[in-house]
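If you're wondering where the values come from, they're calculated on a predicted model, not measured in any experiment. Remember, it's 1-based here, ligands and their atoms both numbered in the order they're listed. We count residues from 1, following the sequence as given.
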Amino acid sequence: MFITFEGIEGSGKSTQIARLVPVLRKKGFACVVTREPGATRIGKKIRHILLDSGHDVMVATTELLLYQADRAQHIHEVIEPALKADKVVISDRFSDATTVYQGYARGLDLNWIERLNDMVVGGLKPDLTLILDLPVELGLRRAWERIENQAGALREDRFEKETLAFHEKVRQGYLALAGLEPERFRIIDASGDPDPIHENIVEVVTRVLHTEQS
Ligand code: TMP
C-alpha cells in the first residue's frame, strides 16, 4: 500500500506523518516513512541543490528534471523494495507535487510533465493521497516559523520566498487534481488544531488499509 501526503508549505505533513505512523505500527502495519526530495544519499544532494536559497537563478526546467532525478532514485532504492516486502509506504510528497509546483504554479506544460512523470514512475501510483489543505497565509506563517528555528542548518527556503500568488496556485492545483481523481485523493482540513486533524487522518487511512486487506 502506497500512501502520499501533499500540501502547501506549512500544511503540517511531516508532523501528521510522525503522529500517524506509531498508530499504524500499533495496529500491526509495517510502515516505511519516506519523503521527496531527499530520501536517498543521492537525493539528499539533489535536495540541497533544489532548496538552497542562493539558487535563485535556477530555471523551471532544471528544477523539474532534478525533482524527477530524485524520484527515480527514490523509487528504485526505497519505494519499490518496501512495496515488494508488503510494507505500507508513506511518502511526504510524490509526483503530484511536480504536477502542481512545476506545472500549475511554475507554468510548465502539463502534458509534458505528465509524460515525464509516467516515464519516471513507470506505472507506480499512490493508492491514497491526502491533501492537507489550508489558507496559504497560514501555511506560510507556520513554514517561516519553522525555518527561523532551523539554527545553523542550510536554509531550505527557496520555495517559501515565492509570492503568495505562487502558493495560491499550488493550493488550487492540488484541489484541481483531487477533483480529477476523487477516488484516490482525500482533502483534509489542516487549518485547525493538530489533534482533530490527526484523528481525521487516522480514520481515513485505517479505513482504506482495512478495505485493502479485506
Ligand atoms: P518539503 O518542504 O515538503 O520538504 O518539500 C520541499 C519543496 O519542494 C516544497 O517547497 C515543494 C517542492 N517540490 C516541488 O516543487 N516539486 C516536487 O516534485 C516536490 C517533490 C517538491
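Between Lys169 and Glu162, no side-chain nitrogen of the basic residue sits less than 4.0 Å from a carboxylate oxygen of the acidic one, so the salt-bridge criterion is not met. A salt bridge links Glu156 to Arg47: at least one charged side-chain nitrogen sits closer than 4.0 Å to a carboxylate oxygen. Using a 4.0 Å cut-off between charged side-chain N and carboxylate O, Glu137 and Arg141 make no salt bridge.
Regarding atom 2 (O) of ligand 1, its nearest protein heavy-atom neighbour is Glu9 OE1, 4.0 Å. Considering only non-hydrogen protein atoms, atom 5 (O) of ligand 1 sits nearest to Arg93 NE, 3.2 Å. Closest to atom 16 (N) of ligand 1, if we only count protein heavy atoms, is Gln102 OE1, 2.8 Å. Taking atom 14 (C) of ligand 1 as the reference point, the nearest protein heavy-atom neighbour is Tyr67 CZ, 3.2 Å. Residue, atom and distance of the protein heavy atom nearest to atom 18 (O) of ligand 1 are Thr98 OG1, 2.5 Å.
A distance of 6.0 Å or more separates the ring centres of Tyr101 and Tyr67.
Look at Arg71 and you'll find a heavy atom under 4.0 Å from some atom of ligand 1.
Closest heavy-atom approach to atom 4 (O) of ligand 1 among the candidates Arg47, His167, Glu36, Arg35: Arg47.
Looking only at atom types and distance, the side chain of Asp96 has no donor-acceptor partner in the side chain of Thr4 under 3.5 Å away. For Thr98 and Arg71, the side-chain atoms include at least one donor-acceptor pair closer than 3.5 Å. For the residue pair Gln16/Arg19, the side-chain donor-acceptor check at 3.5 Å is not satisfied.
Residue Glu63 places no N or O, backbone or side chain, under 3.5 Å from any N or O of ligand 1.
Counting heavy atoms closer than 4.0 Å to ligand 1, residue Leu51 contributes side-chain atoms (C-beta onward) but none from N, CA, C or O.
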